[in-house]
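Below is one structure, written out as C-alpha cells, with a few remarks after it.
Computed from a predicted model, the values in this text were never measured in an experiment. Basis for what follows: all heavy atoms, side chains included, without hydrogens, waters or symmetry-related copies.
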Amino acid sequence: EYVYLASKDGNTVSIVDVETNEVQSRIEVPEKPVFIAVSRDGRRGYVTHPDSAKISVLNLADKRVERVYDFPGEPFAVALSADEQSLFVSDWKGNSLVRISIRDGKETGRIAVGNAPAGLTLDAACKRLFVADRGSATVSVVDVKTWKLVSSVAVGASPFPLAAHG
C-alpha cells in the first residue's frame, strides 16, 4: 500500500510505502504539480499542473511520466470516474468542471460551477461530484450521469479541500 504526493516546488511525485513509512521513490514530473489521482489498481497516476495547463499521466509501475496532455484551462484538482475512463478536473480560472478522456486527454464535457473551483470529490456511489468553489464560498453538486449542476450549497469563506464519506 502506498501514498502518493505531489511536491509543487520539487517537481516530483513521491511514492511512500505505508508499511515502512519511507519514500520508496520519486518520479520527476513537469513543473509545479498540484493534485494527483491514482487508478484503483495502482498502475496509473494523473497529475495536474495549473501553471502550465498540463496533466501528466504516470506509469507508476515503471515510475515514469508516460504522457502529458494539454488542458484547455488551468487544471487544479482531479478525480477518476467510476469506470476509470474519464478524469474530472476543476478548471480554476475557467470556473468549470471538465471531463476528459484518459485515452487521449480530449475534453468530453464541461459544466459551469462557482468561482475558482479547487478541490473535488466523488460520493461513494460515484454518482455525484462535489466541487469546492473557493471564490464563491459554495460547493457545487454535479450529477455525473446527466452531467448537470444539481445544486450549489453555500458553505462559508474559501472552501478548498473536501472529502465524501458514506
Side-chain angles (χ1 to χ4, degrees), residues 3-15 26-40 44-58 60 65-82 84-123 126-144 147-165:
V3 171
Y4 303 88
L5 81 102
S7 175
K8 186 176 181 187
D9 292 329
N11 300 326
T12 59
V13 168
S14 295
I15 303 173
R26 287 185 178 85
I27 302 170
E28 290 187 25
V29 297
E31 71 174 319
K32 308 284 187 201
V34 174
F35 273 85
I36 183 169
V38 176
S39 62
R40 282 188 297 279
R44 296 281 179 280
Y46 303 89
V47 181
T48 60
H49 307 274
D51 293 353
S52 59
K54 307 272 186 215
I55 296 175
S56 296
V57 180
L58 306 182
L60 294 172
V65 175
E66 194 168 74
R67 295 185 294 280
V68 178
Y69 298 137
D70 291 323
F71 183 82
E74 188 173 345
F76 205 73
V78 62
L80 274 162
S81 62
E84 296 193 344
Q85 297 303 303
S86 297
L87 288 176
F88 303 119
V89 184
S90 59
D91 182 353
W92 181 271
K93 288 192 177 171
N95 300 324
S96 57
L97 177 65
V98 180
R99 184 182 57 218
I100 66 170
S101 167
I102 64 163
R103 190 176 74 261
D104 58 12
K106 301 292 184 200
E107 183 176 322
T108 61
R110 180 179 289 264
I111 188 167
V113 294
N115 294 329
L120 59 87
T121 192
L122 283 158
D123 68 0
C126 296
K127 293 183 179 185
R128 293 178 298 166
L129 259 165
F130 299 86
V131 184
D133 305 315
R134 191 167 189 271
S136 50
T138 58
V139 169
S140 294
V141 183
V142 173
D143 182 296
V144 173
W147 199 244
K148 301 228 183 272
L149 181 66
V150 175
S151 180
S152 182
V153 182
V155 294
S158 303
F160 209 83
L162 64 150
H165 178 268

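Two residues are said to be in side-chain contact when any heavy atoms from C-beta on lie closer than 4.5 Å; Pro30 and Val68 meet this criterion. Annotation: side chain of Leu129 is not in contact with side chain of Thr121 (no heavy-atom distance under 4.5 Å). Residues Lys54 and Val47 have side chains not in contact (no heavy-atom distance under 4.5 Å, counting atoms from C-beta outward). Contact annotation: the side chain of Thr138 never approaches that of Val155 to less than 4.5 Å [non-hydrogen atoms, C-beta and beyond]. A heavy-atom distance below 4.5 Å is not found between the side chains of Phe88 and Leu80. Looking only at side-chain heavy atoms (C-beta outward), Phe130 and Asp123 come within less than 4.5 Å of each other. Using a 4.5 Å heavy-atom cutoff, the side chains of Pro50 and Phe76 are in contact. When side chains are defined from C-beta on, Ile100 does not count as touching Ile102, because their heavy atoms never get closer than 4.5 Å.
Residue Arg26 qualifies as open at atom CZ: its count of foreign heavy atoms under 6.0 Å is 12 or below.
For the atom pair OG (Ser158) and CZ (Arg134), the distance works out to 4.5 Å, reported to the nearest 0.5 Å. From Leu60, atom CG reaches atom CD of Glu66 across 9.5 Å, with rounding to the nearest 0.5 Å. Atom OG of Ser101 is separated from atom CD of Glu107 by 12.0 Å, given to the nearest 0.5 angstrom.
A donor-acceptor pair shorter than 3.5 Å cannot be found between the side chains of Arg44 and Tyr46. Side-chain contact of Arg99 with Ser86: a donor-acceptor pair under 3.5 Å is absent, judged by distance alone.
Listed here is the closest heavy atom pair of Asp133 and Ser140: OD2-OG, 2.5 Å. Shown here for Ser7 and Pro33, the closest heavy-atom pair between the two residues is O-CG, 3.4 Å. The two residues Ser136 and Gly114 have their closest heavy-atom pair at OG-CA, 3.4 Å. Heavy atoms only, all atoms of each residue included: Lys32 and Asn11 are closest at N-OD1, 2.7 Å. For Val65 against Glu28, the heavy-atom pair with the smallest separation is CG2-O, 3.4 Å. Across all their heavy atoms, Ala164 and Leu122 have their closest contact at CB-O, 3.4 Å.
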(message) One pair to check against side-chain contact (heavy atoms from CB on, under 4.5 Å): Leu5 and Ile36. What are the steps and the verdict?
(response) CA-CA 7 Å; Leu5 81 102; Ile36 183 169; over 6 Å; no
(request) Applying side-chain contact (heavy atoms from CB on, under 4.5 Å), run through Val141 and Leu149 and close with a yes or a no. (result) CA-CA 6 Å; Val141 183; Leu149 181 66; 5.7 Å; no
(request) List the steps and the verdict of side-chain contact (heavy atoms from CB on, under 4.5 Å) for Leu97 and Leu120. (result) CA-CA 9 Å; Leu97 177 65; Leu120 59 87; 3.8 Å; yes
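Asp91 places no side-chain N or O within donor-acceptor distance of the main-chain N or O of Ser96, the cut-off being under 3.5 Å. Here the side chain of Asp143 pairs no donor or acceptor atom with the backbone of Val150 at under 3.5 angstrom. A donor-acceptor contact shorter than 3.5 Å is absent between the side chain of His49 and the backbone of Val34.
Between Arg40 and Glu84 a salt bridge is recorded (basic side-chain N to carboxylate O distance below 4.0 Å).
The one candidate from Val98, Thr48, Ile55, Val57 that meets the side chain to side chain contact (heavy atoms under 4.5 Å, CB included) condition with Leu87 is Ile55.
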